[in-house]
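Please read the structure below before turning to the comments.
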Amino acid sequence: MNKKLPNVFANKNTGIVNNNKEMYYSGEEINKRNLESDTDKSIKSIIIRKKINDLFNSENFVYKVNVVITTMDGDKECTLIAKNNDSLLTINNESISINEIIDIRKM
């Protein structure tokens with residue numbers, strides 16, 4: 001069992017190796033942060049669309065519903081009459097993009 005290994009496989013003891021002290025890779029952390037922010041945005045978008053669908057599919061909705069819509073610009077009280085795939089239509093013939101909505105609640 002004590003066979004001598006060929007020189008190719010012999011380990012040359014070079015001493016203490018410190019070649020990774022100044023190397024740092026944060027690619028995985030950045031990707032995780034981007035993934036989390038993307039999932040947060042998609043979840044928020046799904047929640048907003050569910051709230052809108054719940055408003056329009058409720059038994060109390062006949063023609064219009066009074067809501068408070070929160071966007072980046074601030075809160076806006078309006079009366080919704082219709083919805084499209086990507087926008088809401090108010091009674092004042094104003095179109096509000098669903099992508100801009102942060103929160104929506106019934107008054």
Side-chain angles (χ1 to χ4, degrees):
M1 273 298 177
N2 251 345
K3 294 183 180 178
K4 194 168 185 178
L5 293 175
N7 287 337
V8 176
F9 298 108
N11 184 11
K12 296 177 183 173
N13 190 358
T14 58
I16 299 172
V17 178
N18 293 322
N19 61 358
N20 62 349
K21 283 189 175 181
E22 295 185 24
M23 180 70 178
Y24 179 73
Y25 180 71
S26 64
E28 292 179 5
E29 293 178 8
I30 292 172
N31 290 337
K32 286 180 185 177
R33 283 188 218 134
N34 289 341
L35 182 63
E36 289 173 359
S37 65
D38 289 345
T39 55
D40 288 345
K41 289 178 184 176
S42 64
I43 289 173
K44 288 179 183 178
S45 173
I46 291 170
I47 290 172
I48 294 298
R49 290 185 185 276
K50 179 161 179 13
K51 285 182 179 182
I52 292 169
N53 287 336
D54 289 345
L55 286 172
F56 282 100
N57 292 333
S58 70
E59 295 177 359
N60 297 334
F61 178 76
V62 176
Y63 171 67
K64 59 185 178 179
V65 61
N66 295 327
V67 295
V68 176
I69 297 176
T70 305
T71 61
M72 292 294 237
D73 299 331
D75 293 345
K76 179 189 281 189
E77 293 181 13
C78 56
T79 304
L80 298 178
I81 57 171
K83 70 173 180 164
N84 196 352
N85 288 337
D86 59 346
S87 62
L88 300 173
L89 185 65
T90 66
I91 201 161
N92 299 331
N93 202 19
E94 184 180 346
S95 179
I96 301 171
S97 175
I98 293 176
N99 296 332
E100 297 174 358
I101 297 174
I102 296 172
D103 190 27
I104 186 168
R105 60 186 180 276
K106 190 174 180 181
M107 289 188 356

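Keep in mind that this is a model prediction, so the values were computed, not measured.
- In the hydrophobic cluster analysis, where Ile, Leu, Val, Met, Phe, Trp and Tyr join through side-chain heavy atoms closer than 4.5 angstrom, V65 is grouped together with I48.
- Here the NZ-CG distance, from K50 to D54, works out to 3.5 Å after rounding to the nearest 0.5 Å.
- Considering CD1 of I47 and CZ of R49, their distance stands at 13.0 Å, rounded to 0.5 Å.
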Please output the side-chain donor-acceptor pairs of residues 79-88 that fall under 3.5 Å, not counting sequence neighbours, one pair per line with the distance.
unit_1, atom_1, unit_2, atom_2, d
T79, OG1, N66, OD1, 2.8
K83, NZ, N53, OD1, 2.2

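- Within the structure, the ring-ring contact (aromatic ring centres under 6.0 Å, His included) test picks out no pair touching residues 81-107 (sequence neighbours left out).
- Here the shortest heavy-atom pairing between L55 and F61 reads O-CB, 3.5 Å.
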| task | In sequence, state the C-alpha distance, the side-chain angles, and the governing distance for C78 and I91, and then conclude on side-chain contact (heavy atoms from CB on, under 4.5 Å). | result | CA-CA 8 Å; C78 56; I91 201 161; over 6 Å; no
Let me have the donor-acceptor pairs involving side chains of residues 95-107, under 3.5 Å, with sequence neighbours excluded, atom names and distances please.
unit_1, atom_1, unit_2, atom_2, d
S97, OG, N99, N, 3.4
D103, OD1, K51, NZ, 2.6

